[in-house]
Novice: 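Below is a structure I'd like to ask you about.
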Amino acid sequence: MSKHSHHHHGLAFGIDVGGSGIKGAPVDLATGEFAQERHRIPTPQPSTPEAVAKVIAELVDEYDLPHDVPIGVAFPGPIHHGVIGFIANLDKSWKGVDLPALIKKETGRHVVAVNDADAAGIGEVRYGAAKDTKGVVLLATLGTGIGSALVVDGILVPNTELGHLEIDGFDAESRAAESARGREDLSWEEWAARLQRYFEVVEMLFSPDLIVVGGGISKHHENFLPLLHLKAPIIPAELRNAAGIVGAAALAAEGAGLA
Ligand code: BGC
């Protein structure tokens, strides 16, 4: 039994705030599976704090949740004790916002806010591709941006923001995210060359024992992971797009010390 197993009973609610959709579901913490069907509401435009908070309240209201169910919100920016440090891919007015305070005002409920890639990393470590892996696990989500999670012997080092490493003079995610592949119409080989450069730098800096690649594109991993040559094994995420919801729910249940 892992030292986290005492948290693995009961239910928590996870919410994943993304650039195109905001998704939520109750999570069975024993299995890491959804206890009820997931709901998705398109991200409002502009994606201001007030507009997103309303959508989060709507999602919570879709379910009949007891007041003491832990709620975790995964959010695409670094979050230091609830406060958004900066924001790359949502409305710029998020910078400096205290996310749990905002949600409390909107819903009356206490939430734990965590970075989206950190949530996905914990989802994969607790229930997915990196389950019970010892040592240094690095998860990278490839989507609109690049998110990163660094988990050492099951413990998260939050807010690593390795998508914003400056590599060859560029913000790394602007070259190597999934969105760059679409925007520049890159072939799998061309995109893989950019990923190779990206993961080489990350590997040089962190010497991971295992690299897990998440984000929606991880379902097409056969097209690009075999083209990468790194020291550590590099494998696809298992929970795919559920990882953020599941990890946010797990971290909320654990208290996480991030609130
Ligand atoms: C943000 C990260 C986030 C990642 C994936 C980056 O642009 O700075 O906080 O984890 O995108 O959403």
Novice: Applying a strict under-4.5 Å side-chain criterion to I, L, V, M, F, W and Y, I'd like to know whether Val202 and Val157 cluster together.
Specialist: yes
Novice: Can a donor-acceptor pair be found, under 3.5 Å and without considering hydrogens, that links the side chain of Tyr127 to the backbone of Leu29?
Specialist: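 Yes: the side chain of Tyr127 pairs with the backbone of Leu29.
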Novice: In sequence, state the C-alpha distance, the side-chain angles, and the governing distance for Ile167 and Arg175, and then conclude on side-chain contact (heavy atoms from CB on, under 4.5 Å).
Specialist: CA-CA 9 Å; Ile167 301 179; Arg175 302 272 297 166; over 6 Å; no
Novice: Would you find a donor on one side and an acceptor on the other, under 3.5 Å apart, between the side chain of Trp191 and the backbone of Ala177?
Specialist: yes
Novice: What's the verdict on side-chain contact (heavy atoms from CB on, under 4.5 Å) for Asp116 and Thr141, showing C-alpha distance, side-chain angles and the deciding distance?
Specialist: CA-CA 9 Å; Asp116 58 355; Thr141 61; 5.5 Å; no
Novice: In terms of heavy-atom contacts, does CG of Asp64 have more than 12 from other residues, nucleotides or ligands at under 6.0 Å?
Specialist: no
Novice: Could you point out which residue of Val114, Val97, Val17 forms a side chain to side chain contact (heavy atoms under 4.5 Å, CB included) with Phe75?
Specialist: Val17
Novice: With a 3.5 Å distance limit and no angle check, can you tell me whether Glu173 reaches the backbone of Thr144 through a side-chain donor-acceptor pair?
Specialist: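 Not a single qualifying donor-acceptor pair exists.
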Novice: Is the shortest heavy-atom distance from the side chain of Leu165 to the side chain of Leu205 under 4.5 Å?
Specialist: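 Yes, side chains in contact.
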Novice: At their closest point, which heavy atom of Ala149 faces which heavy atom of Ala117, and how far apart are they?
Specialist: CB-O, 3.3 Å
Novice: Backbone N or O of Leu251 within a donor-acceptor pair of the Arg126 side chain at under 3.5 Å?
Specialist: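 Not a single qualifying donor-acceptor pair exists.
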Novice: Using every non-hydrogen atom in the two residues, find where Ala249 and Gly14 come nearest and quote the distance to one decimal.
Specialist: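 Closest approach of Ala249 to Gly14: CB-N, 3.9 Å.
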Novice: Step by step, would you call Leu65 with Arg109 a side-chain contact (heavy atoms from CB on, under 4.5 Å)?
Specialist: CA-CA 11 Å; Leu65 296 176; Arg109 288 175 188 259; 4.0 Å; yes
Novice: Please check this pair: side chain of Asp153 against backbone of Gly135, looking for a donor-acceptor N/O pair closer than 3.5 Å.
Specialist: yes
Novice: Rounded to the nearest 0.5 Å, what separation is found between the CG atom of Asp118 and the CD atom of Glu161?
Specialist: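 One gets 8.5 Å once the value is rounded to the nearest 0.5 Å.
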Novice: Could you walk me through whether Phe13 and Val73 pass side-chain contact (heavy atoms from CB on, under 4.5 Å), step by step?
Specialist: CA-CA 9 Å; Phe13 193 73; Val73 179; over 6 Å; no
Novice: Within a strict 4.5 Å, meaning less than it, do heavy atoms of the Ile84 and Leu99 side chains meet?
Specialist: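 Yes, side chains in contact.
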Novice: Testing the 3.5 Å rule here: is there a donor-acceptor pair between the side chains of Thr160 and Ser148?
Specialist: yes
Novice: Distance-only, no hydrogens or angles: does the Glu203 side chain make a donor-acceptor pair with backbone N or O of Ala232 under 3.5 Å?
Specialist: yes
Novice: Please report the interatomic distance NZ(Lys92) to CD1(Ile87), rounded to the nearest 0.5 Å.
Specialist: 7.0 Å
Novice: Spell out, yes or no, whether Leu239 and Leu142 are grouped together once hydrophobic residues are joined by side-chain heavy atoms under 4.5 Å, including indirect joins.
Specialist: no
Novice: So which heavy atom on Gly214 is nearest to which on Ala237, and how close?
Specialist: CA-CB, 3.7 Å
Novice: Assigning hydrophobic clusters by single linkage (Ile, Leu, Val, Met, Phe, Trp, Tyr; side-chain heavy-atom cutoff under 4.5 Å), is Leu228 placed with Leu162?
Specialist: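 In one cluster with Leu228: Leu162, yes.
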Novice: Supply the atom-to-atom distance Arg181 CZ to Ile217 CD1, rounded to the nearest 0.5 angstrom.
Specialist: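 One gets 4.0 Å once the value is rounded to the nearest 0.5 Å.
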Novice: How close do Val213 and Ser218 get, counting heavy atoms only, and between which atoms?
Specialist: O-CB, 3.3 Å
Novice: Can you classify the ring geometry of His39 versus Tyr63 as parallel (below 30°), tilted (30 to 60°) or perpendicular (above 60°)?
Specialist: perpendicular
Novice: Whether the side chain of Ser93 engages the backbone of Thr48 through a donor-acceptor N/O pair (distance < 3.5 Å, no angle test) should be reported.
Specialist: no
Novice: Between Leu225 and Val201, is there shared hydrophobic-cluster membership here, with clusters defined by ILVMFWY side-chain heavy atoms closer than 4.5 Å?
Specialist: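 Same cluster: Leu225 reaches Val201 through Ile, Leu, Val, Met, Phe, Trp or Tyr contacts under 4.5 Å.
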Novice: Is any side-chain heavy atom of Val55 less than 4.5 Å from a side-chain heavy atom of Pro44?
Specialist: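 Yes - at least one pair of side-chain heavy atoms lies under 4.5 Å apart.
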Novice: Counting only heavy atoms not in Lys219, do more than 12 fall under 6.0 Å of its NZ?
Specialist: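 Not more than 12 within 6.0 Å, no.
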Novice: Measure across Trp94 and Pro49 and return the closest heavy-atom pair with its distance rounded to 0.1 Å.
Specialist: CZ2-CA, 3.3 Å
Novice: Is any side-chain heavy atom of Val212 less than 4.5 Å from a side-chain heavy atom of Val137?
Specialist: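 A side-chain contact under 4.5 Å exists here.
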Novice: Using modelled atom types only, decide if a donor and an acceptor are shared between the side chain of Glu178 and the backbone of Gly215 within a distance under 3.5 Å.
Specialist: no
Novice: With no hydrogens and no angle check, is any side-chain donor or acceptor of Glu124 less than 3.5 Å from a backbone partner on Ala129?
Specialist: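 It does hold such a pair.
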Novice: Please report the interatomic distance NE2(His221) to CZ(Arg240), rounded to the nearest 0.5 Å.
Specialist: 5.5 Å
Novice: Please determine whether residues Leu230 and Leu227 belong to a single hydrophobic cluster, defined as Ile, Leu, Val, Met, Phe, Trp and Tyr linked transitively by side-chain heavy-atom distances below 4.5 Å.
Specialist: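 Different clusters: Leu230 never reaches Leu227 through Ile, Leu, Val, Met, Phe, Trp or Tyr contacts under 4.5 Å.
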Novice: Would you find more than 12 non-hydrogen atoms of other residues, nucleotides or ligands less than 6.0 Å from Glu189 atom CD?
Specialist: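 More than 12 heavy atoms, drawn from other residues, nucleotides or ligands, come within 6.0 Å of this atom.
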Novice: Rounded at 0.5 Å granularity, tell me how far CD1 in Ile79 sits from CG in Asn115.
Specialist: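 Ile79 CD1 to Asn115 CG: 6.5 Å, rounded to 0.5 Å.
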Novice: Can you name the nearest heavy-atom pair linking Leu138 to Pro208, along with the distance?
Specialist: CB-CB, 3.9 Å
Novice: Could you state the interatomic distance from CG (Asp171) to CD1 (Ile146), rounded to the nearest 0.5 Å?
Specialist: 8.5 Å
Novice: For a 4.5 angstrom cut-off between non-hydrogen side-chain atoms, does Ile15 reach Ile22?
Specialist: yes
